[in-house]
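Note on naming: letters A, B, ... go to the chains in the order of the sequence lines (proteins, then strands), and numbering restarts at 1 for each one.
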2 protein chains.
Amino acid sequence: MDHTAEEVGRRIRALREERGLSLSALARLAGIGKATLSGLENGTRNPTLETLYAVTARLGVPLTAVLAGPADTPTVRGAAVGATLLEVFTDTDATYELYRMRVSPGAPQLSPAHHTGVTEHVTVFSGVLRAGPVDAPITAGPGEYLRWTSDVPHSYAAVGDEPVRASLLLRYPHR
Amino acid sequence: MDHTAEEVGRRIRALREERGLSLSALARLAGIGKATLSGLENGTRNPTLETLYAVTARLGVPLTAVLAGPADTPTVRGAAVGATLLEVFTDTDATYELYRMRVSPGAPQLSPAHHTGVTEHVTVFSGVLRAGPVDAPITAGPGEYLRWTSDVPHSYAAVGDEPVRASLLLRYPHR
DNA sequence: GTCCGCCGTTCCGTTTACGGAACGACACGG
DNA sequence: CCGTGTCGTTCCGTAAACGGAACGGCGGAC
């Protein structure tokens, strides 16, 4: 079994014990079998979403609280750029993806064109970022904002020695 | 089945289609059956953690990205404005707080002045937002960006009937 | 000591999520 | 026209997650 299941089990057990609940009591409250909860906490089962939800809801925590955080699965976009998806937001007009982004100093990172109409919005936390369409990049320092249409190839680069940290919002309009 | 499963399925399908992947291709890449992925996207199955992880890992997103977000625990800032803290980022120069924000139509929401040097950065997802210093608010629609220095009283208001959804970045410079 | 209650684990029959193999629909080439 | 390929869905046998019941262990009452 994956080590993920064990980690989830440990977190659930910790949350349960913080509340002074016995395994039997939590199983009864959550409406699941004791065997299920036992196996879940020990990482010997591969729980379904429904089971996990029943337990976390009764513990009063969001599902995300017992799952591995966004830090362990960086969405690597390339050698110099690492990005982690924080949230997806779907709307009638468009879908948005909000990332935390890190750009290491060194060679610029190229990114191919996306579909037409896709725009990128970056707010720089620290460092100096030079990014945008390859033929017309823009520069932004801490607290500043960049925006471009990413249906052409574009690049990201850290200016100077300091790595850049920023938030990146991708907007995909619905066709 | 729970409506949670349907929501998860929608998000996975959206992420897959953004990447231009077919259902068959993603199933093959993730090492799961097409039937499994089909049922998962349509919300007719109750996936196990292992299945979900295989899919999200191949999509390059954390598990949390496809599950119901932290929306269940809103950090209420006032009657018309609800904000959820997504991440705090501390840096040598400043501390940043990244929120997802929702502004309901109706009376503007006032916010008192913060410390000097604090700036607010808003990217609008949907709706039309009118915000900024009370004597000089700015208006922004979907995909647009607002920025102001919040060491004076400022306000947020939704223009029209539609609620506004946006990301809000607060920057607190270190003195 | 025995009895009782609850603990967490293990056993076991039922339910169901799983992947492989069909299926019909559609697009393209010969 | 008929292959050939890929699309997403449906069928179906198997593997496993499920809940209920039984288990051994432990602490308190008597």
Residues A/Arg16 and A/Leu21: closest non-hydrogen pair is NH1-O, 2.9 Å
Reckon B/Thr48 touches a base, only the sugar-phosphate, or nothing at all at heavy-atom distances under 4.0 Å? sugar-phosphate
With heavy atoms under 4.0 Å as the rule, sort B/Ile32 into base, sugar-phosphate or nothing. sugar-phosphate
For atom CG of B/Leu49 and atom C1' of D/dC18, their distance in whole Å: 16 Å
Just checking A/Arg16: base, sugar-phosphate only, or nothing, at a heavy-atom cut-off of under 4.0 Å? sugar-phosphate
d(CG, A/Leu21; C1', C/dC6) in whole Å: 14 Å
Rounded to whole angstrom units, what separation is found between the CG atom of B/Leu23 and the C1' atom of D/dT6? 12 Å
Looking only at heavy atoms, what is the nearest atom pair of A/Ala54 and A/Ile32, with distance? CB-CG2, 4.2 Å
Contact summary for B/Val159 and B/Arg130, nearest pair of heavy atoms: CG2-CB, 3.7 Å
Closest approach to the side chain of A/Arg13, judged atom by atom: which nucleotide of C/dT9, D/dA17, C/dC18 is it? C/dT9
Per-helix bend value, the helix from C/dG1-D/dC30 to C/dG30-D/dC1, C1' rotation axes over five pairs per end, 10° rounding, shows 0°
Report the residues that fulfil side chain to side chain donor-acceptor pair (under 3.5 Å) with A/Ser167, sequence neighbours left out, ordered by chain and then residue number. none
Are any of the side-chain heavy atoms of A/Val164 and A/Met101 separated by less than 4.5 Å? no
Rounded to the Å, how far apart are A/Glu50 CD and D/dA17 C1'? 11 Å
Gap between atoms OH and P, on B/Tyr53 and C/dA17 respectively (whole Å): 23 Å
Is the phosphate of C/dG8, meaning OP1 or OP2, less than 4.0 Å from a side-chain N or O of A/Ser24? yes
For the pair made of CG in B/Leu37 and P in D/dC7, what is the distance, rounded to whole Å? 12 Å
Looking only at non-hydrogen atoms, find the nearest pair between B/Ala166 and B/Val124 and report the distance. CB-CA, 3.8 Å
What is the separation between atom CZ on B/Arg28 and atom P on D/dG8, rounded to the nearest whole Å? 11 Å
Let me have a per-nucleotide readout for nucleotides 10-16 of chain C, 5' to 3', with B, S or -, counting only protein heavy atoms under 4.0 Å. BB-----
Is there a side-chain contact between B/Thr51 and the phosphate of C/dC18, meaning an N or O under 4.0 Å from OP1 or OP2? yes
What do the steps show when you test B/Glu120 against B/Leu146 for side-chain contact (heavy atoms from CB on, under 4.5 Å), and what is the final call? CA-CA 8 Å; B/Glu120 305 204 11; B/Leu146 293 179; over 6 Å; no
What one should report as the nearest heavy-atom pair of A/Gly160 and A/Pro105 is O-CB, 3.7 Å
Spacing of CG belonging to B/Leu15 relative to CD belonging to B/Glu41, to within rounding of 0.5 Å: 10.0 Å
